[in-house]
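As a basis for the values below, the full set of heavy atoms in this structure was taken, side chains included, without hydrogen atoms, waters or symmetry mates. All ligand and atom numbering here is 1-based and tracks the order in the structure.
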Amino acid sequence: MSAAEETGIIIIGGGIAGAGAAFEVSRNSKVVLLERESHCGYHTTGRSAASFTENYGNGVIRRIVLASRSFLTEPPAGFCDYPLLSKRGMITVARADQLDLLREDMEAAQALVPSIVAMTSAEAIARVPVLRADYLAGAYIEPHSMDIDVNGLHQGYLRGARARGARIVTNAGVKAIGRQGGQWRVETPAGTFIAPTLVNAAGAWGDEIAVMAGVRPIGLQPKRRTAFNIPAPAGVDISDWPLVNDVGAEFYFKPDAGQLFVSPADATPSAPMDAYAEDIDVAIGAERLERATTIEVQRVSRSWAGLRTFVADGSPVVGPDDALPDFVWLVGQGGYGIKTSPALSRVCASLIAGKGFPDDVARQGVSMDDLAPHRLRGVESRARQVAS
Ligand SMILES: Cc1cc2nc3c(=O)[nH]c(=O)nc-3n(C[C@H](O)[C@H](O)[C@H](O)COP(=O)(O)OP(=O)(O)OC[C@H]3O[C@@H](n4cnc5c(N)ncnc54)[C@H](O)[C@@H]3O)c2cc1C
């Protein structure tokens with residue numbers, strides 16, 4: 001048996017969360033990132049809609065997105081070969097029976113994103129000519145919503161982490177977590193690793209990792225979301241279309257490398273697993289698209305699903321566990337983990353380095369209490385924190 005490898009920080013999970021954390025944490029510490037699959041990004045990170053909108057998710061999410069924007073618009077020198085964000089825009093549409101919801105939604109959105117403005121149905125149809133005039137009753141546009149180069153961002157994090165000495169170990173599914181000499185001992189088929197601090201960035205499997213480590217789980221709930229590609233309507237240049245989002249969260253679609261990306265915006269509770277698209281969810285998405293547009297779905301070129309993982313309040317969970325502070329949570333990013341990764345990675349690294357909550361994230365109105373795991377523990381554990 002080969003000797004255990006000692007390091008400063010072990011990160012479990014090579015999705016965008018673990019990769020971002022490795023990038024930031026490796027500034028100050030020796031890092032080993034452990035990924036179960038043969039390549040990083042195989043699960044939810046490789047299955048997203050690649051959208052950067054400041055107008056989606058609860059208030060905490062939206063503020064974290066604002067705190068992430070500057071990294072994505074001006075990444076560090078040498079981080080990537082191409083811009084991480086590209087122009088897209090996002091139109092939120094409503095039927096007649098959704099107009100009250102549209103008004104409320106737009107007013108709430110404008111509070112954080114003042115560039116959002118109402119559009120007439122005719123203006124929306126001028127931007128996306130397949131929208132049906134007899135479906136659409138109102139719309140608003142977020143002009144600065146962007147597409148994210150998810151692969152560019154993910155690989156940039158991993159490359160940057162490696163350049164700072166981090167080791168990215170694939171085919172390294174964590175099988176057991178124990179204690180040795182006051183440190184974490186993590187066993188995988190690729191070797192055994194020992195470190196004083198463990199970061200749990202295992203996405204849908206986050207609570208399973210906690211249980212392995214003897215830490216109380218926080219109630220993570222993975223939810224399946226389906227997506228599929230269909231060919232673009234014949235003879236139509238769709239490249240400039242914005243993302244079109246139903247205000248009632250029944251569907252969204254956007255251009256995707258010459259095809260259309262469509263999702264029924266489903267959120268079906270699931271166990272942690274290698275998620276796949278159910279035919280019924282693809283059919284529901286196609287039916288909703290056909291109701292709102294003149295598109296007839298004749299062929300689905302590819303379908304897939306990924307798990308968006310939430311805790312009860314819909315905000316991410318970042319920071320040391322309340323009972324075992326050398327176990328650091330970085331989970332619960334829901335449907336927002338790509339666009340929030342710059343700020344959440346920095347929060348995670350700053351807390352590990354003992355530097356407190358980053359000022360720029362606090363200036364956006366997010367506090368440690370919005371993200372810390374103790375908020376999910378109930379009164380009992382909060383009382384223990386105050387007492388200690
Ligand atoms: C259809 C869809 C659309 C989305 N659209 C957007 C969007 O437009 N914008 C946005 O910001 N977000 C979007 N999201 C959400 C985003 O993709 C996720 O929030 C993000 O990818 C979560 O990243 P993660 O690293 O936490 O999880 P993952 O990418 O799932 O990574 C977790 C990793 O942990 C590894 N792991 C688990 N257990 C172990 C173990 N025991 N040992 C070792 N490794 C382990 C897994 O193999 C996995 O690679 C979307 C998601 C879906 C499904």
Side-chain angles (χ1 to χ4, degrees), residues 10-22 32-54 56-57 61 64-65 68 72 88 90 145-148 150 153-154 157 168-177 186-190 193 199-213 220 222-228 243 245 252 254 256 261-268 270 272-275 277 281 285 303-310 316-318 329-342 344-345:
I10 296 170
I11 297 174
I12 302 177
I16 202 79
V32 169
L33 181 152
L34 302 174
E35 168 54 49
R36 180 183 49 209
E37 305 295 345
S38 58
H39 70 273
C40 292
Y42 171 79
H43 286 286
T44 311
T45 295
R47 307 178 189 201
S48 87
S51 163
F52 178 92
T53 162
E54 292 166 339
Y56 188 48
I61 297 285
I64 297 168
V65 172
S68 295
L72 296 169
R88 176 60 56 206
M90 178 165 118
S145 166
M146 310 290 267
D147 277 350
I148 310 179
V150 178
L153 178 62
H154 189 221
Y157 284 145
I168 315 295
V169 189
T170 52
N171 296 310
V174 173
K175 302 284 180 233
I177 304 175
V186 178
E187 291 177 26
T188 83
F193 302 85
V199 177
N200 176 10
W205 292 267
D207 271 347
E208 288 187 359
I209 294 296
V211 170
M212 256 191 239
L220 286 168
K223 294 186 179 176
R224 189 179 69 237
R225 173 147 296 183
T226 308
F228 56 95
L243 186 155
N245 174 46
Y252 60 97
K254 63 175 259 191
D256 179 16
F261 169 111
V262 186
S263 173
D266 47 335
T268 310
S270 166
M273 63 182 289
D274 189 355
D281 292 322
S303 63
W304 67 97
L307 298 178
R308 302 152 79 243
T309 299
F310 297 86
V317 184
V318 187
W329 294 89
L330 181 56
V331 294
Q333 296 87 343
Y336 329 100
I338 311 294
K339 63 186 178 175
T340 55
S341 64
L344 293 182
S345 305

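Every residue was checked against the salt bridge (Lys or Arg N to Asp or Glu O under 4.0 Å) condition with Arg36, not counting sequence neighbours, and none meets it. In this structure Tyr336 satisfies the ring-ring contact (aromatic ring centres under 6.0 Å, His included) test together with Tyr56, sequence neighbours excluded. Here Tyr252 pairs with Phe261 under the ring-ring contact (aromatic ring centres under 6.0 Å, His included) rule; sequence neighbours left out.
Between the side chain of Arg47 and the backbone N or O of Gly41 there is no donor-acceptor pair closer than 3.5 Å. With hydrogens and angles ignored, the 3.5 Å screen pairs a side-chain donor or acceptor of Glu35 with a backbone N or O of Glu37. Between the Arg225 side chain and the Ala267 main chain, no donor and acceptor come within less than 3.5 Å of each other.
Ligand 1 lies under 4.0 Å from heavy atoms of Ile12, Gly13, Gly14, Gly15, Ile16, Ala17, Leu34, Glu35, Arg36, Glu37, His43, Thr44, Thr45, Arg47, Ser48, Ala49, Ala50, Ser51, Ala172, Gly173, Val174, Ala201, Ala202, Gly203, Trp205, Ile209, Arg225, Tyr252, Gly306, Arg308, Gln333, Gly334, Gly335, Tyr336, Gly337, Ile338, Lys339.
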